[in-house]
Enquirer: 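I'd like to ask you about the structure that follows.
Computed from a prediction, not measured in an experiment: that's the story for all the values here. We name chains A, B, ... by the order of the sequence lines, and we start the count at 1 in each one.
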Number of protein chains: 2
Amino acid sequence: MTKATNKPRWSIGELARELDITTRTIRYYEDMGLLSPERKGQTRIYSPADRVRLKLILRGKRLGFSLEESRDLIEMYSPDGTNNRAQLSAVLDKIEARRAQLAQQLRDIQATQQELDEAEQRCRQAMSELES
Amino acid sequence: MTKATNKPRWSIGELARELDITTRTIRYYEDMGLLSPERKGQTRIYSPADRVRLKLILRGKRLGFSLEESRDLIEMYSPDGTNNRAQLSAVLDKIEARRAQLAQQLRDIQATQQELDEAEQRCRQAMSELES
DNA sequence: GCATACGTTTACGTTAACGTAAAGTGCAAA
DNA sequence: TTTGCACTTTACGTTAACGTAAACGTATGC
């Protein structure tokens, strides 16, 4: 027996509103091969999986990734046509490389946070010294 | 008495080689108002402070910041023409906003790291199952 | 029947962040 | 002196990631 609960679907406009992007952007990601929603006639219909992929892309953008990089990442998550040992090994290498990049970004964030702390200190100091 | 030790200086080529960027890039940052090195005649001469600013820009790039954003950040670090209370208060607001963004990026990194962990698990699992 | 709202494709426009090439300057070694 | 290297300016070219506009289908309410 299959589940009776119909899975939720979204229109392009609904997703755009929810994620605060334009429909143009969503269609562009599809053109770039990052999404491939179902079609009901001409109209695009997005599944929960499509929505997840879209959110992953937006998360990548917040981290400064290019669409190409996000596509790469998402492909690592989904175990699709990766069957032979050489391919799996290549994926492991890619994962390791990404990990190194993320570690670098983490260090960069921490350094920036610390400098913001110091800047705030100096700022508050200047304000307190400003009171005659 | 002033320090007798002459402070180190760099040519544009030296900095480019050290930081693995092109001289074009460094000049572009100057055009955008992110750097303003001394000149000896026509030739640019970079101080340790210039070098720090350049490194800050590159760190910003690794975090996906635009040059505009990096310029903003660097201005927060250097307490230049910020004298009156309104300006200082505005800087504090900017600092807070940056902090929020960095916190979001940190969450994004952690989520990505975790998904990489899971992807690696599945990958290794697939490899072990591949041994007949 | 017609406006309104949503969807579609096609296509040209825009911006940031450089790349690349041309043409010239200044100095040091051969 | 000329060759070569590093520096300079000017200016046009390029790419990613969309924005924007035109022109068109389709359903829904009045």
Enquirer: Using atom CG of A:Asp20 as one end and atom C1' of D:dG19 as the other, report the distance to the nearest whole Å.
Expert: 15 Å

Enquirer: Does NZ or CZ of A:Arg98 lie under 6.0 Å from the centre of the six-membered ring of A:Phe65, at an angle within 45° of the ring axis?
Expert: yes

Enquirer: Whole-Å distance between C:dG7 P and A:Ile45 CD1?
Expert: 11 Å

Enquirer: For DNA chain C, which residues of residues 22-44 of chain B approach it to below 4.0 angstrom with any heavy atom?
Expert: B:Thr22, B:Arg24, B:Thr25, B:Tyr28, B:Tyr29

Enquirer: Rounding to a whole Å, what distance do you find between B:Ile57:CD1 and C:dA17:C1'?
Expert: 13 Å

Enquirer: Regarding A:Gln104 and A:Arg107, do their side chains bring together a donor and an acceptor under 3.5 Å, going by distance alone?
Expert: yes

Enquirer: Is the shortest side-chain N/O distance from A:Lys61 to OP1 or OP2 of D:dA17 below 4.0 Å?
Expert: no

Enquirer: Rounded off to whole Å, could you give me the OH-to-C1' distance for the B:Tyr46 and D:dC7 pair?
Expert: 11 Å

Enquirer: Let's see if you get this right: which residues in residues 67-76 of chain B place a heavy atom under 4.0 Å from DNA chain C?
Expert: B:Leu67

Enquirer: A:Glu14 CD to C:dA5 C1': how many Å, rounded?
Expert: 13 Å

Enquirer: Starting from the C-alpha separation in whole Å, work towards a yes-or-no answer on side chain to side chain contact (heavy atoms under 4.5 Å, CB included) for A:Arg27 and A:Leu35.
Expert: CA-CA 8 Å; A:Arg27 292 197 190 95; A:Leu35 296 172; over 6 Å; no

Enquirer: Keeping to residues at least two apart or across chains, list the salt bridge (Lys or Arg N to Asp or Glu O under 4.0 Å) pairs with something in residues 34-50 of chain B.
Expert: B:Arg9-B:Glu38, B:Glu30-B:Arg39, B:Glu30-B:Arg44

Enquirer: Could you tell me whether a side-chain N or O of A:Gln105 sits under 3.5 Å from a main-chain N or O of A:Leu63, the two making a donor and an acceptor?
Expert: yes

Enquirer: Would B:Leu67 and B:Tyr28 count as a side chain to side chain contact (heavy atoms under 4.5 Å, CB included) here? Give the steps.
Expert: CA-CA 10 Å; B:Leu67 295 184; B:Tyr28 180 71; 3.5 Å; yes

Enquirer: Run B:Arg53 and B:Leu34 through side chain to side chain contact (heavy atoms under 4.5 Å, CB included) and show every step you take.
Expert: CA-CA 8 Å; B:Arg53 290 176 75 93; B:Leu34 289 155; 5.6 Å; no

Enquirer: Using only heavy-atom distances, determine whether the side chains of B:Gln125 and B:Glu129 contain a donor-acceptor pair under 3.5 Å.
Expert: yes

